[in-house]
Undergrad: 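Would you mind keeping the following structure in view while I ask a few things?
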Amino acid sequence: MTASRLLFVDDEEGFLELYRTAFSRDGYTVETTGTIEGARDRLAQGGIDLVVLDIRLGEVSGLALLREIKAKHSGLPVVLSTAYARYQDDFSSWLADAYVVKSSELGELKQAVRRCLGAAR
Amino acid sequence: MSEVLETVVDPEVAAWSVLVAYTAGEGLGFNRAFLLLAEGGQIRGWFGVGPRSREEARELWADLRQRGVLPLDRLTEPDLEAVEAERKRHAATLAALSHDLVTGCGVWRRAFIGRSNHPNPCVRHWVAVLDSRELVVVPLMAGSQPWGVVLADNFVTHAPAYHGTLEAAETLAHYLRAALERTQLLLRFQEEKRRRMLAEHATALLDTARTLAHDLKNPLALAGGLAREIMSAPTADRESFTRRLGIVATAVTRAEQRVAELVAGLASRADGISLGPVEVGALAERVTEAFRPLAASRQVRLLCYHPERPMMAAAAIPSLERCLENLLANALEALGETGGEIQVAVRDEPPWVLLVVADNGLPLPAPLRVDPFAGGITTRRGGSGLGLASVRTLAEAMGGKVEYDETEPGWVRFTLFLRRWS
């Protein structure tokens, strides 16, 4: 069975390093990018099974990318990940398949990824 | 009296002023006087002036005579502590004077003299409480409703109250009512303003807390997550291990910085200072300009340098103006009458905006050099010593700081560090 391919989008290289380490060890194929453009390019190539998306990407909002993904790749699950729960108030965030508040404990994020991948299959 | 009452902003001071005019020898000359206000079906004792007993009266009047005090002279500059003490001194009597507003009570139109056989139970009650032979009752009406009453008597001297005195008492009581209504309106306005400010502060605080929660959670989650990874799967690759530790350390430093900013921000709110974006260059130019005539009169060259682009700092305009004014006043003081030069400069030094005031006057005296901002050290330079202390307090309340140095020979330099507004 092929490992699921996850794309992490976060403007902090430290988080990308953390995701690469933690999710690779769990058997996923991990790809990362720090920009919306990078994510857009990578998604256009295809082969991504799930996107983990930070909402605040520097000065731009990841919610715009979320809307774009849901319009162009409707079956692709997206897990929103951010440090602050207020973004749940933004209706756009409801398009996401799961919503996880960033934590040093990655258990919730891992669970959300598993759940969304299971539902997508 | 009317002029005094027009400037009073405290209802108790208004009451005290009028009752002092009732009791002062050069006023209406009553031995004591009380103000009662109608409130929720009751008429309550609210303020009183004068001695509580014959013994106290003798001591008080002897003391006033000996010190040559004319009570009316004190009205222009009321001693708030003395006013408060007077209110407390009469608290028991005022409580005893309070009475239910029974039918007919307080609906009198004109001042009159009440005695123990008065038909109205309120008047009989007041006469009994004060043990008064002749009690002057001055009613205050709001339309057809009682608003309050002033009571006065001569329980020590038993001097009679004449018709003219009653008329003067009525006039004074009406001044009092107008002043009280105005001050109470002012108090309500101030209370409303305070509530609105509190609400605004609470909203701003919540917003700050939300932003900081976000900014803190990010580095903490990152540091904690990587630390867990390092623990659960130690890597033999030293370079990778060092890089991850570096990320953890950077994240912790970021969190520390944000906590420091949070503390500074909260401190400024606790001090009642609401920070906003302030263009420091324009402010420096404006304040410096205001000092130019004074500087010119002392042969002091006053220069102000700032970049053309706006230099935005997180500050409160009145606080920042006060800081710069104090520093300029300090510099002028140092230059004395001999003249010299003061330079005001605004510079960008991320994460700070610097506001520098330097002068080529006398160096700081030795006692001040230890901590020029400690306050309380009186020297020629620095005046009362409180100006510089105030600068530090205000700077810190704005999340900044102030430093002093004499690194450039012949110059004394004070530097205000203000957080850049981003």
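What you see below is based on every heavy atom in this structure, not just the backbone, and it leaves out hydrogens, waters and symmetry mates.
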Undergrad: What is the distance from atom CD1 of Ile247(B) to atom CD of Glu17(A), rounded to the nearest 0.5 Å?
TA: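 So the gap between those two atoms works out to 4.5 Å.
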Undergrad: Specify the closest pair of heavy atoms between Ser103(A) and Ala221(B), including all atoms of both residues, with the distance to one decimal.
TA: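 Taking every non-hydrogen atom into account, C-CB, 3.6 Å.
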Undergrad: What distance separates Asn218(B) CG from Thr82(A) OG1, expressed to the nearest 0.5 Å?
TA: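 So the CG of Asn218(B) and the OG1 of Thr82(A) are separated by 7.0 Å.
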Undergrad: Check Ser104(A) against Leu220(B) and note the closest heavy-atom contact, atom names and distance.
TA: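 Nearest heavy atoms, Ser104(A) then Leu220(B): CB-O, 4.1 Å.
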Undergrad: Please walk me through it: do Arg244(B) and Leu18(A) pass side chain to side chain contact (heavy atoms under 4.5 Å, CB included)?
TA: CA-CA 9 Å; Arg244(B) 288 179 192 174; Leu18(A) 173 62; over 6 Å; no
Undergrad: Closest heavy-atom contact between Lys217(B) and Lys102(A)?
TA: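 Here Lys217(B) and Lys102(A) meet closest at CE-O, 3.1 Å.
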Undergrad: Which residues pass the salt bridge (Lys or Arg N to Asp or Glu O under 4.0 Å) test with Glu229(B), sequence neighbours left out?
TA: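 Checked Glu229(B) against salt bridge (Lys or Arg N to Asp or Glu O under 4.0 Å); matches are Arg25(A).
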Undergrad: Return each pair, listed once, that meets side chain to side chain donor-acceptor pair (under 3.5 Å) where at least one residue sits in residues 37-48 of chain A; pairs must be two or more places apart or across chains.
TA: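 Of all non-adjacent pairs touching residues 37-48 of chain A, those that pass side chain to side chain donor-acceptor pair (under 3.5 Å) are Glu31(A)-Arg42(A), Arg40(A)-Glu68(A).
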Undergrad: Examine whether an atom of Leu222(B) lies under 4.5 Å from a heavy atom of chain A, and if so say whether it belongs to the side chain, the backbone or both; otherwise answer neither.
TA: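 Both backbone and side chain.
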Undergrad: Less than 4.5 Å to any heavy atom of chain A: does that hold for the side chain of Thr250(B), its backbone, both, or neither?
TA: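 Thr250(B) has no heavy atom closer than 4.5 Å to chain A.
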